[in-house]
Amino acid sequence: MILAFLSDFGLKDPYVGIVKAVMLGINPALQIVDISHQIAPQNVMEGSFVLGSAFREFPIGTTFLNVVDPGVGSQRIGLLAVTEHYTFLAPDNGLLSMVFRYSPKVTCFSIENSQYFRHPVSNTFHGRDIFAPVAAHLTRGVAPHSFGPSCRSPVRFQWPEPIVKDQYIEGEVIYIDGFGNLVLNVSADLLRHRRPIRKQFRINIKGMELSLLNTYSDVARGETAALIGSYGYLEVAVNQGSAAEVLAAGVGVPVVIR
Amino acid sequence: MILAFLSDFGLKDPYVGIVKAVMLGINPALQIVDISHQIAPQNVMEGSFVLGSAFREFPIGTTFLNVVDPGVGSQRIGLLAVTEHYTFLAPDNGLLSMVFRYSPKVTCFSIENSQYFRHPVSNTFHGRDIFAPVAAHLTRGVAPHSFGPSCRSPVRFQWPEPIVKDQYIEGEVIYIDGFGNLVLNVSADLLRHRRPIRKQFRINIKGMELSLLNTYSDVARGETAALIGSYGYLEVAVNQGSAAEVLAAGVGVPVVIR
Amino acid sequence: MILAFLSDFGLKDPYVGIVKAVMLGINPALQIVDISHQIAPQNVMEGSFVLGSAFREFPIGTTFLNVVDPGVGSQRIGLLAVTEHYTFLAPDNGLLSMVFRYSPKVTCFSIENSQYFRHPVSNTFHGRDIFAPVAAHLTRGVAPHSFGPSCRSPVRFQWPEPIVKDQYIEGEVIYIDGFGNLVLNVSADLLRHRRPIRKQFRINIKGMELSLLNTYSDVARGETAALIGSYGYLEVAVNQGSAAEVLAAGVGVPVVIR
């Protein structure tokens with residue numbers, strides 16, 4: 001039984017190990033796979049993007065534990081979301097937005113049944129006290145509705161959508177990966193349906209004009225390229241370097257594709 | 001069989017993987033859970049605090065391998081400590097101080113029986129050559145006394161204790177977590193027994209006076225708060241920011257609670 | 001069945017988790033051990049050194065998945081290398097150079113049989129689309145020759161060899177570990193065969209002259225030492241500090257041993 005785990009806990013503190021310890025104490029047969037624990041602290045949007053990019057690669061039946069939780073201890077509820085193939089746990093703060101976007105059928109429950117919690121429940125570490133034990137009991141076969149009532153309208157935020165015109169597309173940077181590649185909100189599908197010959201695209205960002213290439217090594221070391229990246233979106237990259245540094249570009253920087 | 005692993009090896013070098021490889025070569029059934037490998041290099045006190053905060057969350061029967069070892073290759077002995085619920089391996093340099101503090105009954109052995117070592121034993125990597133194979137053999141059922149003679153007085157250092165007066169408590173910062181939260185040597189229990197209404201506490205640090213709140217989001221983004229943190233100690237935190245940076249505060253900074 | 005995994009993916013992005021998800025979808029019984037995912041981006045030489053230092057510690061039968069791949073999407077082939085004790089997957093770019101150096105008998109195959117790939121195959125993430133599924137099928141018992149034809153001359157680069165004279169050895173820094181220790185291309189074996197009393201060696205680097213010591217704590221805190229490190233090579237280290245910082249030394253800095 002695979003349990004995939006994403007958080008902003010970082011790897012210095014014992015928080016990740018503690019959450020795993022609590023889960024393994026309840027279900028010793030769990031096989032835990034880390035997605036990331038280096039989501040920028042409390043950055044729900046970044047966590048949502050990383051989770052949304054990863055979850056469909058996991059085997060059917062995987063349970064996903066997700067904790068990026070700036071509102072821990074407040075009134076926000078804990079969410080249990082069941083899709084056709086997977087189950088997700090997360091604070092109800094938008095962290096599952098990308099999951100909802102790619103999952104046609106979702107049933108949500110509000111995690112309220114304290115019988116499955118670790119006690120006493122702290123105000124600062126629901127990953128350990130609520131989400132971990134609930135995830136572990138869930139993987140042992142406890143039915144989702146046992147954890148609480150249905151939840152009709154979980155929080156989901158809107159991703160900035162590209163503006164699509166006849167002559168151009170206006171997009172923006174939505175994520176910067178660990179290599180410094182700039183991921184844009186322009187999907188491979190959007191480009192594919194637009195023109196048969198994708199090499200004709202011209203990408204404008206921060207005064208530079210780039211062609212759409214096939215892979216990083218199509219340009220010389222240190223040169224900037226635009227290509228369809230591993231996330232399935234248009235990316236601006238520097239071959240063997242960081243586009244974020246070279247272009248001094250962050251999330252929200254506008255891009256025009258002609 | 002769970003083996004929890006803490007070190008200051010970092011994650012760039014293959015040291016963590018090598019130690020795991022040695023253990024799995026002896027006991028392939030081990031389930032290894034990382035506590036942290038980003039303890040500040042050779043910082044035994046930090047390692048002791050992180051271990052002390054994590055170990056009680058693990059299932060009974062867990063074996064803990066701990067390597068923060070500035071004296072590797074010197075005359076310091078290797079320690080095997082058996083408590084009521086757990087077993088610990090560590091250099092005898094104070095790394096188990098917090099474990100001893102929370103474990104009423106401890107039996108210690110000096111790791112000396114080279115029959116269980118990996119040979120040749122280096123002067124620089126006892127994690128691989130001594131602790132890993134001993135841990136793996138231990139989890140396969142070799143009795144603790146097989147590894148060496150009893151050890152009567154393992155090294156333990158004193159944590160700075162808060163000064164508790166009628167009118168105030170003087171504490172200090174003892175740990176900074178990965179979010180930049182300042183953890184103080186003032187436990188939730190100490191405060192709980194002191195006054196029934198904890199909101200009345202006033203916390204003074206670096207010229208700021210803070211109230212004791214329930215959780216991070218009780219203050220606005222960027223504001224400083226004092227609260228009982230996940231470690232079970234009083235913490236000074238900045239909502240969605242780093243208190244260590246905002247207050248320019250490090251380990252040892254004094255705090256007064258009235 | 002142990003699968004050891006090395007890459008330059010870093011730990012912020014979900015790439016490591018995605019590769020594991022693909023493998024566990026094909027072979028759920030895999031026990032995955034991380035060697036490192038913090039190889040400097042696209043630094044094949046560093047990856048080769050770290051892998052070369054680690055692989056012989058793993059149990060016989062281990063499969064190694066290695067992805068440091070600046071040429072992803074270009075014409076470079078994917079390599080499957082079978083040695084007496086282990087199996088390796090890597091792009092054919094020199095990443096296995098140190099493995100070849102320590103493995104007398106190697107049989108290589110070019111990974112070409114797309115029946116075992118994840119489709120569609122991207123131009124940017126062969127770790128997920130080619131290496132992961134091939135590794136997983138391999139560990140399920142598919143014969144190496146099933147993945148493609150023999151490959152006669154895989155890429156291997158030459159490591160800078162020390163110049164060995166009667167009166168001195170000229171070496172250089174080939175790797176900097178996570179503690180800032182400077183690893184030299186002068187092996188313990190080379191020194192051992194040279195003089196019976198190794199304490200007589202004098203090591204000159206950046207205007208400093210050092211004696212060869214036994215371990216870090218043979219010098220005071222903050223002092224510089226030369227010693228045989230955990231990699232089995234001569235290292236220059238600062239006790240409880242970073243030699244790379246203190247000496248402002250990087251890869252390629254020359255060293256003379258007399």
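Proteins get letters first, then strands, A, B, ... in listed order; numbering begins at 1 in each.
Residue Y175(C) touches chain B through its side chain alone, counting heavy-atom pairs closer than 4.5 Å. Both the backbone and the side chain of V50(C) have a heavy atom closer than 4.5 Å to some heavy atom of chain B. Neither the backbone nor the side chain of L51(C) comes within less than 4.5 Å of any heavy atom of chain B. Contact annotation for S122(B): neither backbone nor side-chain heavy atoms come within less than 4.5 Å of a heavy atom of chain C. Contacts of F49(C) with chain B are absent, with no heavy-atom separation under 4.5 Å from either backbone or side chain. With a 4.5 Å cut-off on non-hydrogen atoms, D177(C) touches chain B through its backbone and its side chain both. With a 4.5 angstrom heavy-atom cutoff, I60(C) does not touch chain B via any of its atoms. Only the side chain of L11(C) has a heavy atom closer than 4.5 Å to any heavy atom of chain B. Contacts of D8(B) with chain C are made by both backbone and side-chain atoms, with heavy-atom separations under 4.5 Å.
F100(B) has its side chain within reach of C108(B): a pair of non-hydrogen atoms, C-beta onward, lies under 4.5 Å apart.
Between the side chain of E46(C) and the backbone N or O of A40(C) there is at least one donor-acceptor pair closer than 3.5 Å. Distance alone, capped at 3.5 Å, places no donor-acceptor pair between the R101(C) side chain and the G52(C) backbone. Side-chain N or O atoms of S97(B) include one that pairs as donor or acceptor with a backbone N or O of F157(B) at under 3.5 Å.
Nearest heavy-atom pair, A54(C) versus I35(C), reported as atom, atom and distance to 0.1 Å: CB-CG2, 4.1 Å.
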Practice prompt. Walk me through it: do F58(B) and H85(B) pass the test ring pair (Phe, Tyr, Trp, His ring centres under 6.0 Å)?
Written response: CA-CA 10 Å; F58(B) 280 80; H85(B) 295 315; over 10 Å; no

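Most heavy-atom pairs under 4.5 Å with chain C, from the set L24(B), N43(B), I32(B), V22(B): that is L24(B).
Applying side chain to side chain contact (heavy atoms under 4.5 Å, CB included) to V253(B) and the options I176(B), V173(B), I174(B) leaves one that passes, V173(B).
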